[in-house]
Amino acid sequence: MSIRMSNASSGMGVSDHSKDIFMELKRNKVHRYVVFKIDEKKKEVIVEKFGGPAESYDDFTASLPENDCRYAVYDFDYVTSENCQKSKIFFIAWSPSVARIRSKMLYATSKDRFRRELDGIHYEIQATDPDEMELEALRERAH
């Protein structure tokens, strides 16, 4: 029997698979990114897509729908000014301005609960336009 905690305001739970895939990204570095969506029938956040470690940031942004909301995590690798290899995990709440109001509300009310399930996030970005989550924005936050 699987017990899923749900968000009181939205009723959305988080699938065990979503948490497992995130842990694979965090611990084993087998994914560069994971895109999550809300399955309204199951009333839970599920994995929609993930990208391998060789995939680029452009591959990641191309995986987000232009007209619907999603949650995503991205494992950002960079080199410090001291020439050290570092990695930071970003949580991105993607809510494009052209998305349906219902979708925006559903994702907004479920975000905090879902975000708390993903232990190990370093930074969060709320984006309504692709410009708000350009690679340079991640670089600035990580340094």
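Being a predicted model, the structure only gives us computed values, none of them experimental.
Remark: side-chain polar atoms of H122 are not paired, donor with acceptor, to backbone N or O of K88 under 3.5 angstrom. Side-chain N or O atoms of S103 include none that pairs as donor or acceptor with a backbone N or O of A99 at under 3.5 Å. Between the side chain of S18 and the backbone N or O of V45, at least one donor-acceptor pair lies under 3.5 Å. At distances below 3.5 Å, at least one donor-acceptor pair connects side-chain atoms of Y71 with backbone N or O atoms of Y107.
With sequence neighbours excluded, the residues satisfying side-chain contact (heavy atoms from CB on, under 4.5 Å) with K29 are D75, S87. Scanning for salt bridge (charged side-chain N to carboxylate O under 4.0 Å, His left out) contacts around R32 gives D77, with sequence neighbours left out. Remark: R115 engages E124 in a salt bridge (charged side-chain N to carboxylate O under 4.0 Å, His left out) (not counting sequence neighbours). With sequence neighbours excluded, the residues that form a salt bridge (charged side-chain N to carboxylate O under 4.0 Å, His left out) with E136 are R139. Remark: D129 pairs with no residue by the salt bridge (charged side-chain N to carboxylate O under 4.0 Å, His left out) rule, at least two apart or across chains. Partners of N67 by side-chain contact (heavy atoms from CB on, under 4.5 Å), not counting sequence neighbours, listed by chain and number: P65, V98. By the side-chain contact (heavy atoms from CB on, under 4.5 Å) test, S97 is found to be paired with no residue, residues two or more places apart in sequence or in another chain being considered. A search for ring pair (Phe, Tyr, Trp, His ring centres under 6.0 Å) contacts involving Y123 returns F90, not counting sequence neighbours. In this structure, the side-chain contact (heavy atoms from CB on, under 4.5 Å) partners of M23, at least two apart in sequence or on a different chain, are K26, R27.
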#### Entry: Evaluation steps, side-chain contact (heavy atoms from CB on, under 4.5 Å), between E132 and Q126
CA-CA 8 Å; E132 295 173 343; Q126 175 75 42; over 6 Å; no
Can you list, pair by pair, the side-chain donor-acceptor contacts under 3.5 Å of residues 50-60, counting residues two or more places apart and other chains?
unit_1 : atom_1 : unit_2 : atom_2 : d
E55    : OE1    : Y33    : OH     : 3.0
E55    : OE2    : G52    : N      : 3.3
S56    : OG     : D58    : N      : 3.3
S56    : OG     : D59    : N      : 3.1
S56    : OG     : D59    : OD2    : 3.2
Y57    : OH     : M133   : O      : 2.4
D59    : OD2    : S56    : N      : 2.9

Side-chain polar contacts of residues 34-41 - donor-acceptor pairs under 3.5 angstrom, sequence neighbours left out - could you list them?
unit_1 : atom_1 : unit_2 : atom_2 : d
D39    : OD1    : K41    : N      : 3.0
D39    : OD1    : K42    : N      : 3.0
E40    : OE1    : R102   : NH2    : 2.4

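Counting heavy atoms from C-beta outward, E24 and I21 have side chains that approach closer than 4.5 Å. Using a 4.5 Å heavy-atom threshold, the side chains of I89 and L25 count as touching.
Between the CG atom in D119 and the NZ atom in K19 there is a gap of 11.5 Å [rounded to 0.5 Å].
Between Y74 and F76, the ring planes lie tilted relative to each other; the angle falls in the 30° to 60° range.
A salt bridge (charged side-chain N to carboxylate O under 4.0 Å, His left out) check over residues 61-71, counting only residues at least two apart or in different chains, returns the pairs E48-R70, D68-R70.
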